[in-house]
Structures are given as C-alpha cells and as structure tokens.
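Atom set for the values below is all heavy atoms of this structure, side chains included, hydrogens, waters and symmetry mates excluded.
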Amino acid sequence: VLDPLVSTPNAPIARAMLLAALSSGDLYRIGVASHVYVDTWAHQNFTGQRSDFNRLPAEGHGSQEAEQMAADLVINVGHGAAKHCPDIPALVWTDARLLNSTVSNRERFLDAGEALFRRYAEAKQMAAAEIEAGAARIRSDLAADIGAPDANAVAMDPARIGRYKDRALTPAYGGQAIPLYDPDTWFKAALQEDRKGVVDRFKASVNALADKCGDYSDLIRQDVRIACTWADPSTFQLTSWHRFQEAVKAHYAETWTALQDTGLVTISA
C-alpha cells in the first residue's frame, strides 16, 4: 500500500517550494529548498512521518522475530531504518521493500543534480540550448566526482570530497575554494551559549515531553523553546544563523500550507 506522503523524485510540492524560494531571492531559503528538492531523489520511497511503511526487513535474518527485533531498535521515521544508506552518493545498497531491491544511489544523485541545475537555469531564463549544454556538463562532471558505484562506499570519503573541492576551483564552478565546514561557526557568531549545551538541553526537553505525550503525533505538535542570549542584540537579525532559522520557518510554513491545500494533511502546523 502506497503512503500518500511518500517521497517521490521531483515531487510537485517540493518543486513548487523550490520555485518559491528562487523567486524570494533569499539565498538561505534557496539553500533549504534545494536540499529538500534533491532529497526527493535521495529519500524516495520513504515518508517523513513515523510509519511502518518505512520499516526495512532485518538484513541477514529471515525470521519474523529477528525482523521485529530490528524494527524495535529503530524509530521508523524517514529513512532511519536504512541509516545513512540513501545519503551516500556512490553507495549500492538493498531496499528489500522494492521489487528491484538493488539501489544505486549514483543514478539518483545524477538525476537530482541535473534537475536542480535545470530549475536554477529556468529561474535565470537561460536559453534552451544553454540549459541542455549545462545539464549535460553537470551530469558528466558529477558522475566523475561521485565515482563508480560501490557497495562499500562511505559518507565521508576523502577521495570523493577532494574531487568536489578540485571541481569548485575550476572557472565553470566559481573558481573558489569550498569553505571548511564547521557546525559551530554560525551559532558562535549569533549566540553567547555553547551549541552543544543548547542541543543537550533541547534533547532533554523533548525527552521530558515524550514521557508526557500519549503518542508521536502529540509530541511533534509540542512547542519546545530553549532560552538563549544573542551575542549582539542590535545585529542578531543579520547573522547567518538567524537568517537560516527564518528561512527554515518560511519554507516550513509555505510547505505546510501546500500540503493542506492538497488535502495530504488536515492538522494545523
């Protein structure tokens, strides 16, 4: 039975949200919407809610008891049961729910990269011939950078990441080095608190609420607030951390409205 909220490649709502973000001109919102749009390929056949639809058979075990044990160890939200398998670009893995159970992420990522380029190019009103040439180049370059399909591929593959970094230095891709990622940079610039401390307090609050809520649907509607102090109250709205949070909220609100308009959800956000 197909879940109506299952993620499907190039899903109409995700595509509409990307176009709305591109129209806004907000780079943070464009980033959020682009990630969601690409994830309709990477996360296909999973639904974002907690559901047995997401449950995968216990790998290497045939008994129902073993399968139930494995399911009990995982919260079946999104691709949690598949761990990071859907997000590793070169990985070949098994999704036993599918008729063709062998999944090659490389093809999914190539399709997603090409589609994202096309949406950007269309928003810039590029000529059709230029779009086709660019799409072909993107697909070819991304295929080379991801590398060959590999059943042993890992998420943080230094060789693959190195190819991305080298590609970014070429004129066609901006000619600039990709900045070193630090999950604390934006947070430190905006707030006085330690990020890990805030995350730990948030988790503790969620766990406390979970003990009180009757079920998962009650929990996700709870308002969890953690008190923090701005590093500079006069300029906090200009920080990347604040602008990103506002972009996420805007994307969430517009997406929820679209889901309600289609009848896919009936509760308020």
Side-chain angles (χ1 to χ4, degrees), residues 6-46 84-93 100 102-151 153-181 240 243-244 247 250-251 254-255 258:
V6 68
S7 181
T8 54
N10 201 25
I13 291 179
R15 183 167 174 162
M17 294 305 98
L18 175 59
L19 297 181
L22 288 167
S23 297
S24 76
D26 182 340
L27 292 179
Y28 298 87
R29 187 169 167 187
I30 291 171
V32 171
S34 296
H35 189 147
V36 173
Y37 183 63
V38 168
D39 270 351
T40 66
W41 278 268
H43 296 179
Q44 62 184 273
N45 302 316
F46 291 97
H84 292 297
C85 288
D87 294 324
I88 302 175
L91 186 65
V92 178
W93 58 288
N100 181 6
T102 299
V103 177
S104 176
N105 285 350
R106 185 175 186 264
E107 292 307 310
R108 292 181 173 184
F109 275 67
L110 293 180
D111 289 344
E114 178 183 339
L116 183 62
F117 168 79
R118 288 181 179 277
R119 301 296 83 76
Y120 286 173
E122 289 162 0
K124 291 187 64 177
Q125 298 183 326
M126 290 172 58
E130 190 177 2
I131 291 177
E132 293 306 315
R137 184 185 69 240
I138 286 285
R139 194 175 188 95
S140 175
D141 292 345
L142 187 57
D145 292 347
I146 288 175
D150 184 356
V154 296
M156 300 304 292
D157 176 17
R160 174 173 52 81
I161 294 172
R163 291 192 291 269
Y164 292 159
K165 290 181 177 180
D166 291 341
R167 185 74 65 186
L169 296 175
T170 63
Y173 291 87
Q176 297 184 20
I178 298 175
L180 182 65
Y181 173 67
S240 289
R243 294 176 68 184
F244 176 77
H251 180 84
E254 189 156 355
T255 301

**Q.** Residue pairs passing the salt bridge (Lys or Arg N to Asp or Glu O under 4.0 Å) test where at least one lies in residues 122-135, sequence neighbours excluded
**A.** Arg118-Glu132, Arg119-Glu122
Q) Got Trp93 and Thr102 here, is their nearest side-chain heavy-atom distance under 4.5 Å? A) no
Q: Kindly indicate whether the side chain of Phe117, heavy atoms from C-beta on, has any atom under 4.5 Å from the side chain of Met126.
A: yes
Q: Hey, could you give me the CZ/OG1 distance between Arg108 and Thr40, rounded to the nearest 0.5 Å?
A: 11.0 Å
Q.
Using only atom types and a distance under 3.5 Å, with no angle test, would you say the side chain of Asn105 pairs donor to acceptor with the backbone of Ile88?
A. yes
Q. Hey, does Ile30 have a side-chain heavy atom less than 4.5 Å from the side chain of Val32?
A. no
**Q.** Check: Glu107 side chain, Ser104 main-chain N or O, donor-acceptor pair, under 3.5 Å
**A.** no
Q: Working to the nearest 0.5 Å, report the span between CD of Glu114 and CG of Leu116.
A: 11.0 Å
Q: Would you indicate whether the side-chain heavy atoms of Ile13 and Thr255 approach each other to under 4.5 Å?
A: yes
Q) Does Phe46 have any ring pair (Phe, Tyr, Trp, His ring centres under 6.0 Å) partners at least two apart in sequence or in another chain, and if so, which? A) none
(Q) So Val36 and Met17, do their side chains get closer than 4.5 Å, heavy atoms only? (A) no
Q: State the CD1-CZ distance between Ile146 and Phe109, to the nearest 0.5 angstrom.
A: 7.0 Å
**Q.** Close side-chain approach of Pro89 and Arg160, heavy atoms under 4.5 Å
**A.** yes
Q) Hey, is the main chain of Ala136 close enough, under 3.5 Å, to the side chain of Ser140 for a donor-acceptor pair? A) no
Atom pairs and distances, side-chain donor-acceptor, residues 169-179, under 3.5 Å, sequence neighbours left out:
from   : atom 1 : to     : atom 2 : distance (Å)
Thr170 : OG1    : Arg167 : O      : 2.6
Tyr173 : OH     : Asp141 : OD2    : 2.6

Q: Quick one: pull up OG in Ser7 and CH2 in Trp41 and give me the separation to the nearest 0.5 Å.
A: 9.5 Å
Q: Please identify each residue that fulfils side chain to side chain donor-acceptor pair (under 3.5 Å) with His35, with sequence neighbours left out.
A: Asp39
Q.
Just to verify, what does Arg15 make a salt bridge (Lys or Arg N to Asp or Glu O under 4.0 Å) with, not counting sequence neighbours?
A. none
Q. Can you tell me how far the CD1 atom of Ile138 sits from the CD1 atom of Ile131, to the nearest 0.5 Å?
A. 12.5 Å
Q: Please name all residues satisfying salt bridge (Lys or Arg N to Asp or Glu O under 4.0 Å) with Asp111, sequence neighbours left out, ordered by chain then number.
A: Arg139
Q) From Asn10 CG over to Tyr37 OH, what is the distance, rounded to the nearest 0.5 angstrom? A) 3.5 Å
